[in-house]
Amino acid sequence: MVNNGNAQQLLDKTLTGLEQDAESMQPQVNDLIDQWVKALGAGDLTLDNVAYELEELKQALKGGRAPQIAGSLHSLSKLTKRAAGETSDSNTADRLRNLAETLDNVSARVAQSR
């Protein structure tokens, strides 16, 4: 299960990077994905699905495949929205909804860049 302190830091780091410029995250994206997968742990269906999709995104990024990257980002957006609905912490829920919206926006930009 997610360590709340670590997840909050990763959430802040991810949101800041995506909101500024997703391309600027390129050098550290694999490390960030690995941190998320580790932080998510296992045992919760939504979190397991997020971890799986993050690994899919990592592979798509490695191959430079825009359609798969856009698809993974869109899937992550949907899973993030679901996680926002499952948390009882309103601050975390707001931040997760913000992340979901940002992921969807980045997904649309990647899809258009093909």
Side-chain angles (χ1 to χ4, degrees):
M1 198 53 123
V2 178
N3 172 312
N4 196 39
N6 190 28
Q8 293 295 333
Q9 290 175 338
L10 282 170
L11 183 55
D12 288 342
K13 184 176 179 180
T14 303
L15 273 170
T16 300
L18 288 171
E19 288 172 345
Q20 289 176 353
D21 179 13
E23 290 180 16
S24 69
M25 292 181 69
Q26 193 69 23
Q28 70 265 23
V29 74
N30 283 339
D31 183 50
L32 186 61
I33 289 172
D34 290 342
Q35 288 178 49
W36 269 112
V37 170
K38 184 178 177 184
L40 291 171
D44 176 272
L45 183 57
T46 300
L47 299 181
D48 287 345
N49 288 338
V50 170
Y52 172 81
E53 196 59 51
L54 284 169
E55 290 295 339
E56 292 293 307
L57 175 60
K58 191 173 173 181
Q59 293 306 311
L61 287 167
K62 198 179 293 184
R65 301 180 312 255
Q68 289 84 359
I69 293 167
S72 280
L73 290 169
H74 182 69
S75 294
L76 285 166
S77 173
K78 292 191 311 188
L79 290 165
T80 302
K81 286 177 192 170
R82 183 180 308 153
E86 293 174 356
T87 185
S88 59
D89 180 345
S90 62
N91 184 40
T92 299
D94 288 343
R95 294 163 86 189
L96 287 171
R97 281 190 287 275
N98 188 12
L99 177 59
E101 183 179 327
T102 303
L103 287 168
D104 228 11
N105 291 338
V106 173
S107 172
R109 287 197 311 263
V110 169
Q112 290 174 350
S113 71
R114 292 191 263 166

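Note: hydrogens, waters and symmetry copies are ignored here, and every other heavy atom, side chains too, is used.
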Spatial distance of atom CG (N98) from atom OG1 (T14) [nearest 0.5 Å]: 11.5 Å
Rounded distance (nearest 0.5 Å) linking atom CG of L57 with atom CH2 of W36: 13.5 Å
Shortest non-hydrogen contact from S107 toward A70: OG-O, 2.7 Å
Where T87 and A93 come nearest, the two heavy atoms and their spacing: CG2-CB, 3.6 Å
Test side-chain contact (heavy atoms from CB on, under 4.5 Å) applied to L54 and V37, N49, L32, the passing residue: V37
S77 (side chain) donor-acceptor with L73 (main chain) under 3.5 angstrom: no
Partners of [X] by side-chain contact (heavy atoms from CB on, under 4.5 Å), sequence neighbours excluded?
| X | result |
| --- | --- |
| E101 | N105 |
| T80 | L96, L99, A100, L103 |
| K58 | N30, I33, D34, E55 |
| D31 | Q35 |

D104: partners by side chain to side chain donor-acceptor pair (under 3.5 Å), with sequence neighbours left out: H74
Non-neighbouring partners of R82 that pass salt bridge (Lys or Arg N to Asp or Glu O under 4.0 Å), sequence neighbours left out: none
